[in-house]
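Here the structure is laid out as structure tokens; the discussion comes afterwards.
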Amino acid sequence: KQWYQRRVAITAGITVTSSLQSVAWSDRSQLIATGSSDKYVRLFDPRGSSGTIVHSTLQGHDMWVSCVKWSPSSDVEMVSGSYDGRTLLWDIRSPRSHLAVISTHEDKVLCCDWLEGRVISGGADSKLHISNL
């Protein structure tokens, strides 16, 4: 068998100060959200001339941010999960305060997503949480 390999060129690079755990693109807001080991969610606007423009920093977690996910129905809402065991709901227009703690796991939150207006999260506690907003 032969496999086709395609070369992909990096067209822009963004350097951050801590390791990235998660990244998500929003078609609606045209922003990149990242979760990192420094406990912050950062929003980047790749349309900037240097490609490194930090749009805002969301502060609310106490440990590594392991997952970020944009709402499929809103350009300003997103969720994040962290090693602090919490899944947080955000309105990016208020970066210093999350809207709600959606779920609390007994251990690290490892993944999060949206499901028909609800938020789902999975953790190192071997539990799947499905939360109505």
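- Counting only distance, with no hydrogens or angles, the side chain of Arg96 and the backbone of Gln59 share no donor-acceptor pair below 3.5 Å.
- Trp25 and Leu31 get closest at one heavy-atom pair: CE3-O, 3.5 Å.
- Tracing side-chain contacts under 4.5 Å through hydrophobic residues (I, L, V, M, F, W, Y), one never reaches Trp64 starting from Leu20; they form parts of separate clusters.
- Within the 4.5 Å cutoff, no side-chain heavy atoms of Ser74 are placed close to those of Arg28.
- Each of Val79 and Ile120 belongs to its own hydrophobic cluster when Ile, Leu, Val, Met, Phe, Trp and Tyr are linked at side-chain heavy-atom distances under 4.5 angstrom.
- Across Gln30 and Asp27, no two heavy atoms sit closer than the pair NE2-O, 2.6 Å.
- Under the 4.5 Å side-chain heavy-atom criterion for Ile, Leu, Val, Met, Phe, Trp and Tyr, Trp114 and Met78 are members of distinct hydrophobic clusters.
- A salt bridge links Arg93 with Asp91: the closest approach of a Lys/Arg side-chain nitrogen to an acidic carboxylate oxygen falls below 4.0 angstrom.
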Next on the checklist: Go through it in stages, so that I can follow the logic: the residues are Trp90 and Val68, the test is side-chain contact (heavy atoms from CB on, under 4.5 Å), and I'd like the CA-CA distance, side-chain angles, deciding distance and then a yes or no.
Outcome noted: CA-CA 10 Å; Trp90 299 93; Val68 291; over 6 Å; no
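- For the pair Asp125 (side chain) and Glu106 (backbone), a donor-acceptor distance under 3.5 Å is present.
- The two residues Cys111 and Cys67 have their closest heavy-atom pair at C-SG, 3.5 Å.
- Looking at Ser29 and Ser26, their side chains do bring a donor and an acceptor atom within 3.5 Å of each other.
- Without hydrogens or angle criteria, Arg86 side chain to Gly60 main chain gives a donor-acceptor distance under 3.5 Å.
- Tracing side-chain contacts under 4.5 Å through hydrophobic residues (I, L, V, M, F, W, Y), one reaches Val41 starting from Ile92; they form part of the same cluster.
- Inspection of the Ser121 and His105 side chains reveals an N or O donor paired with an N or O acceptor under 3.5 Å.
- Hydrophobic clustering (ILVMFWY, side-chain heavy atoms < 4.5 Å, transitive): Tyr40 and Val23 are in distinct clusters.
- Taking CZ of Arg42 as the reference point, atom OG of Ser56 lies at 10.5 Å (rounded to 0.5 Å).
- Looking only at side-chain heavy atoms (C-beta outward), Leu110 and Tyr83 come within less than 4.5 Å of each other.
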Checklist entry - Given Lys108 and Ser66, is the side-chain contact (heavy atoms from CB on, under 4.5 Å) satisfied, shown in steps? => result CA-CA 8 Å; Lys108 304 169 187 141; Ser66 53; over 6 Å; no
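- When all heavy atoms are compared, the tightest approach of Ala24 to Lys69 is CB-CA, 4.4 Å.
- Between Phe44 and Thr34 the shortest heavy-atom distance is CE1-OG1, 3.5 Å.
- Atom CG of Leu88 and atom CG of Leu99 lie 10.0 Å apart (nearest 0.5 Å).
- Ser18 and Ser37 make their closest contact through CB-OG, 3.4 Å (heavy atoms, listed as atom of the first residue, atom of the second, distance).
- Checked by atom type, the side-chain pair His55/Asp45 shows no donor-acceptor distance below 3.5 Å.
- Considering CG of Asn132 and CD1 of Ile102, their distance stands at 11.0 Å, rounded to 0.5 Å.
- With Thr87 as the fixed residue, the side chain to side chain contact (heavy atoms under 4.5 Å, CB included) test singles out one of Val101, Val109, Thr104: Val109.
- Side-chain N or O atoms of Ser82 include one that pairs as donor or acceptor with a backbone N or O of Met63 at under 3.5 Å.
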